[in-house]
Amino acid sequence: MIGAMTGQWLDIGPVDQISPGNARTLPVRGGEEIAVFHTLDNQFYALVNKCPHKQGPLSQGIVHGNVVTCPLHNWNISLKTGEALGEDKGCVPTIPLRVDAGRLYLLREAVVGKKVA
Amino acid sequence: MTTRGNVAARTAPSGSVRGGFFAFGALVMMETDVNAPMTIKDSSLPGHTRERLVVIGNGMAGCRAVEEVLARDPARYAITIFGAEPRVNYNRIMLSPVLSGEKAFDDIVINPQAWYDDNAITLVSGDPVASIDRAAQIVVSASGRIEPYDRLLIATGSDPFIIPVPGKNLAGVVTFRDLDDVDKMLAAAETGGAAVVIGGGLLGLEAAHGLSLRGMAVTVIHLMPTLMERQLDEAAGFLLKTELERRGQVILTSADTAEIIEAGGHVAGVRLKDGREISADIVVMAVGIKPSVALAKAAGLEVERGILVDDHMVTSDPAILAVGECVQHRGNCYGLVAPLWDMCRALADHATGAPTGYEGSVTSTKLKVSGIDLFSAGDFSGGDGAEDIVMRDAARGIYKRVVVKDNRLVGAVLYGDTADGNWYFDLLKKGEDISNIREALIFGQAFADASAHGGGALLDSNAAVAALSDDAEICGCNGVSKGKVVGCILGGAQSLDAVRSSCKASASCGSCTGLVESLLSLTLGGEVERKEKTVCKCTSFTHDDIRRLIVEKELKAIPQVMQALHWTTPDGCASCRPALNYYLLCALPGEYVDDQQSRFVNERMHANIQKDGTYSVVPRMWGGLTNPRELRAIADVVEKFNAPMVKVTGGQRLDIFGIKKEDLPAVWADLNAAGMVSGHAYGKSLRTVKTCVGSEWCRFGTQDSTGLGVKIEHMTWGSWMPHKFKIAVSGCPRNCAEATIKDFGVVCVDSGYELHVGGNGGIKVRATDLLCKVETEAEAMEVCAAFIQLYREQAHYLERTAPWIERVGLDHVKAGLFDDPDAVRRLAARFAYSQSFMQDDPWAKRAAGDESELHQHLAEVRPLEFVS
Ligand code: SRM
Ligand SMILES: Cc1cc2nc3c(=O)[nH]c(=O)nc-3n(C[C@H](O)[C@H](O)[C@H](O)COP(=O)(O)OP(=O)(O)OC[C@H]3O[C@@H](n4cnc5c(N)ncnc54)[C@H](O)[C@@H]3O)c2cc1C
Ligand code: SF4
Ligand code: FES
């Protein structure tokens with residue numbers, strides 16, 4: 001459970017919870033699950049964990065550069081913009097992410113924003 | 001007390017300072033030398049109306065700020081500098097060469113005592129400031145000295161970060177920040193012995209280098225998988241690691257320190273979280289720095305990570321300025337000197353009444369380890385619309401990568417040849433449009449200038465090759481000149497492969513492939529088509545090239561293959577990474593460490609992903625046999641984890657559907673407890689061995705097909721292959737196990753066993769070819785193992801046996817197995833050797849907690865309206 005529910009940025013813990021080349025997930029009650037990625041270049045990104053094609057869980061794809069290849073049908077999704085690359089068309093929402101002093105923060109309103117039951 | 005002159009006059013009576021500080025100060029006084037010089041102070045000069053500027057911190061930023069102020073207005077301030085270190089201002093970054101013995105302390109002094117004297121600066125060294133009283137505008141030193149100020153400048157730098165592990169305070173644990181630290185390391189190095197450096201960043205690697213030049217056996221422990229991960233990408237980090245290892249350092253990446261081991265009150269070694277122990281006579285902590293803000297915080301200044309300053313380096317108190325590593329400007333704290341110089345300029349402009357403002361800095365990094373050229377700058381995370389341009393020259397150990405976005409250079413990583421580092425950095429800082437030198441950018445300044453001056457005619461790589469003289473060497477490995485290559489193309493070698501086979505150019509290491517291709521297109525005109533497709537867009541090599549070169553050049557890791565074979569991307573793509581991972585795994589059984597990040601999700605999760613993101617779980621049922629215990633365990637799992645479906649598969653076993661990734665380890669634990677292991681229904685590996693009833697029960701059965709199937713499955717399970725691999729054993733030619741559409745099929749007959757290969761019942765049905773007939777079970781199993789190994793060693797990644805055999809021909813396979821009477825035995829032995837490392841159940845490891853983070857959410861967010 002996330003303790004700090006106040007402030008603009010949501011602290012989701014230390015950077016070393018996600019090894020490079022991997023992603024981990026953050027379910028949101030009443031909202032969309034978020035995938036947090038750590039690339040081989042040590043960048044961090046967060047996206048809604050749903051491929052724009054057929055909702056594949058992007059967190060389970062292969063990460064290369066700042067692209068994730070969806071595990072279901074191999075669409076390539078830009079981690080920076082959430083857009084499908086190449087011939088494919090579609091876009092998944094990105095969640096602004098900040099790294100500060102070894103911890104990861106997500107923009108609170110992007111995580112728990114609009115949706116209320 | 002040994003205070004002199006007007007210094008004494010300024011020392012406060014004990015009553016006026018808070019007691020604690022004074023008592024502490026008195027202690028310090030006894031052992032440190034307060035070398036406050038006898039400068040003639042402002043009060044005795046006509047300019048006594050000078051404002052009093054007090055500087056806390058006699059380091060790089062503090063003194064540079066003073067220099068900048070003096071350069072603008074030498075008469076404006078009466079200056080006093082406090083330094084915690086008992087020495088004059090020196091160049092901290094040169095402590096690394098002092099440690100390694102390449103420089104002496106005297107060489108690195110920036111401002112000797114004479115500079116202070118000449119500029120009438122009072123240096124109070126070896127006496128740190130203990131507090132700031134903003135209301136009274138005074139600072140109080142540890143020794144109790146009181147100094148009033150009109151302007152105060154805080155330049156306290158950073159403190160080394162100490163990881164909070166047991167043993168961190170032991171004697172023999174040192175940091176790397178000032179000359180005293182260097183002296184401690186030198187003292188330890190005198191007796192030789194072993195050093196552990198915790199931290200594989202800039203500082204740690206420079207410490208490690210120095211200590212190893214001083215004769216110590218050095219181990220570097222780094223938490224992340226890549227050295228200097230903040231400055232380097234995976235490719236450059238790998239090259240750096242390889243070079244340091246070649247020089248005899250032990251580099252442990254992905255290594256987390258658990259504790260520092262003690263013996264007799266002194267450090268004796270380091271224990272890692274994975275249990276490994278490394279003995280050490282000295283431990284250097286170089287894991288990072290944190291801005292030194294304690295003084296500012298205690299004085300009530302606004303502080304976050306660093307002391308908050310505006311663009312003029314003014315803190316939340318207008319009378320107090322701050323500069324250097326201790327500040328936070330527009331959200332950034334810096335740990336390199338270049339930004340400090342910019343800050344000092346802005347500070348001096350402001351302090352002398354002509355404010356300009358500092359807008360933040362872009363930084364670049366170099367490593368000061370002799371013989372290692374490394375440079376990085378800017379943002380090389382790529383990104384949208386960003387494009388990587390990569391150049392690798394394996395023979396010379398060079399890797400260069402520049403990142404271009406919107407026709408501007410946004411990042412660069414250079415390894416092995418950093419001559420153009422400053423040029424790239426300059427382009428990057430200025431944000432210049434590089435579109436007219438784009439093609440030549442990666443080749444460096446000289447080349448790009450030539451292309452820019454080519455008067456519109458773009459000097460692309462073809463033009464560059466065209467400009468080469470006929471005797472210029474194209475292929476270094478085989479000594480082939482440009483003239484020879486062109487001659488051979490004109491002589492009819494109209495493709496890369498033809499050139500390779502006729503004059504050998506680019507046939508060895510392949511680094512000149514691009515040059516040869518340019519020559520082909522220059523000579524023949526137009527783009528050159530290659531007969532065989534390359535693995536992917538990251539490389540000009542085919543699968544066969546890569547497999548051969550991995551063995552020939554003894555390549556041992558993915559980044560190494562990418563470097564040696566001149567990959568055009570920094571870290572490959574979703575096509576080549578899994579292929580390379582498999583090729584290395586096959587070439588180096590027991591030695592190569594599987595790269596999980598290069599595996600498709602199913603192989604990383606050891607289960608099959610479903611359209612809704614859940615997983616299906618298929619335990620192995622040897623030869624299609626099962627028993628009540630297994631069935632009960634499966635039934636229990638289905639109920640316990642609410643699996644929505646369980647189904648009999650076409651491969652004679654049971655598939656449990658709809659398991660969440662979080663539940664997988666628990667499911668596996670339950671199945672393991674009933675004696676079941678992974679069925680690899682997810683893997684490019686052995687899937688099932690289908691059997692029929694056979695001679696034990698069936699009225700037509702000729703041999704024990706069930707028993708043989710079980711034995712074969714026990715021999716072959718767990719092996720990684722180019723693609724999935726299916727086997728079946730039928731008891732008679734009625735073939736109830738469908739052995740003739742399997743990768744390897746056995747059809748039992750009265751006289752023995754017919755062995756079939758290359759069948760496929762999938763997308764394109766292909767019946768098997770008969771490979772041979774053998775008389776005994778043992779022979780059948782040996783040929784099976786040999787055939788699998790031949791396939792493992794020769795097929796392309798993602799090529800099943802059917803297309804493989806169609807491509808190479810059945811005769812080729814037969815020749816590989818039977819031409820040499822010993823081949824089957826040798827292939828089978830290689831398979832057995834490889835299997836000795838493969839046959840441990842991946843589920844058991846996960847159930848025991850391995851890679852648990854893959855199965856856990858980071859956390860769960862419950863917005864307030866959902867918290868009940
Ligand atoms: C479960 C199963 C269907 C069933 O319920 O019977 C199945 C399910 C899948 N098959 Fe299959 N195949 C299953 C037996 C077969 C068979 C029959 C057999 O093995 O005797 C075939 C034809 C025989 C063959 O392979 O030659 C078969 C030919 C394929 C193919 C086409 C392969 C080809 O080379 O043409 C694919 C696609 C691929 O592998 O790229 C495929 C791929 C798949 C995948 C892995 C699709 C995917 O990538 O997600 C399905 C996974 C579902 C899951 O999560 O479990 N499946 N699949 C069978 C599992 C057998 C097992 O116990 O492991
Ligand atoms: C070994 C080493 C190698 C480096 N190599 C490079 C490099 O190659 N390139 C690069 O750009 N950067 C390098 N750096 C970083 C660079 O040295 C720093 O960025 C720079 O020194 C920061 O300057 P500063 O004035 O902010 O801090 P410092 O130079 O640390 O100066 C701060 C001074 O303030 C003193 N002080 C602290 N508190 C008090 C107090 N209360 N009272 C009085 N004095 C106090 C400290 O003792 C210190 O002398 C290196 C650093 C180290 C340690
Ligand atoms: S035939 Fe195989 S791959 Fe196709 S839907 Fe059925 S299980 Fe899936
Ligand atoms: S769901 Fe992602 S590619 Fe189809």
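Chain naming here is simple, since letters A, B, ... match the order of the sequence lines and numbering starts at 1 in each. Worth saying up front: this structure is predicted, and the values here are computed from it rather than measured.
- Neither the backbone nor the side chain of A:T39 comes within contact range of chain B, judged by heavy atoms closer than 4.5 Å.
- Only the side chain of A:I18 comes within less than 4.5 Å of a heavy atom of chain B; its backbone N, CA, C and O stay farther away.
- Note that CG of A:N42 is 5.0 Å distant from CD of B:E229, once rounded to the nearest 0.5 Å.
- When every heavy atom of A:I62 is checked against every heavy atom of B:P578, the shortest pair comes out as CD1-CG, 4.0 Å.
- In this structure, OG on B:S575 lies 8.0 Å from NE2 on A:H64, to the nearest 0.5 angstrom.
- Contact detail for A:P71 and B:V601: the closest heavy-atom pair is CB-CG1, 3.3 Å.
- Here the closest heavy-atom approach between residue A:L72 and residue B:Q610 is recorded as CD2-O, 3.7 Å.
- B:R230 CZ: 12 or fewer foreign heavy atoms inside a 6.0 Å radius.
- Enclosure of atom NZ in B:K684 by more than 12 non-hydrogen atoms of other residues, nucleotides or ligands within 6.0 angstrom is indicated.
- Interface remark: B:K661 contributes side-chain atoms only to the contact with chain A (heavy atom separation under 4.5 Å).
- For B:Q596, no part sits under 4.5 Å from any heavy atom of chain A, backbone or side chain.
- Options B:S254, B:G288, B:A574 differ in how many heavy-atom pairs under 4.5 Å they form with chain A, and the most are formed by B:A574.
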Next on the checklist: Run the salt bridge (Lys or Arg N to Asp or Glu O under 4.0 Å) test on A:K50 and B:D612 for me, step by step, so that the C-alpha distance in whole Å, both residues' side-chain angles and the decisive distance to 0.1 Å come before the verdict.
Outcome noted: CA-CA 10 Å; A:K50 263 189 184 176; B:D612 64 354; over 6 Å; no

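- Put simply, the side chain of B:K611 does not reach to within 4.5 Å of the side chain of A:K54, judged on heavy atoms.
- Considering B:E851, B:Q597, B:E853 in turn, B:Q597 is the only one that fulfils the side-chain hydrogen bond (donor to acceptor under 3.5 Å, both in side chains) rule with A:N22.
- Between A:Q60 and B:F600, every side-chain heavy-atom pair lies at or beyond the 4.5 Å cut-off.
- Residues A:L26 and B:E860 have side chains not in contact (no heavy-atom distance under 4.5 Å, counting atoms from C-beta outward).
- Closest approach of B:R305 to A:D100, counting heavy atoms only: NE-OD1, 3.1 Å.
- Proximity to chain A is limited to the side chain of B:R604, based on heavy atoms less than 4.5 angstrom apart.
- Neither the backbone nor the side chain of B:F161 comes within contact range of chain A; no heavy atoms are under 4.5 Å apart.
- Of all heavy-atom pairs spanning B:M224 and A:H38, the tightest one is CE-CE1, 3.8 Å.
- The shortest heavy-atom contact between A:L40 and B:R577 is CD1-NH1, 3.5 Å.
- For B:L854, the part lying under 4.5 angstrom from a heavy atom of chain A is the side chain only.
- For a residue to count as touching a neighbouring chain, one of its non-hydrogen atoms must lie under 4.5 Å from one of that chain's; by this rule A:V36 touches chain B with the side chain only.
- The pair B:R401-A:D41 meets the salt-bridge criterion, with a side-chain N (NZ, NE, NH1 or NH2) lying under 4.0 Å from an Asp/Glu carboxylate O.
- B:K273 and A:D16 are not joined by a salt bridge, as no carboxylate oxygen comes within less than 4.0 angstrom of a charged side-chain nitrogen.
- Counting heavy-atom pairs closer than 4.5 Å to chain B, the top residue among A:S19, A:P20, A:P27 is A:P27.
- Between chain B and the residues A:H73, A:Q55, A:Q17, the most heavy-atom pairs under 4.5 angstrom are made by A:Q17.
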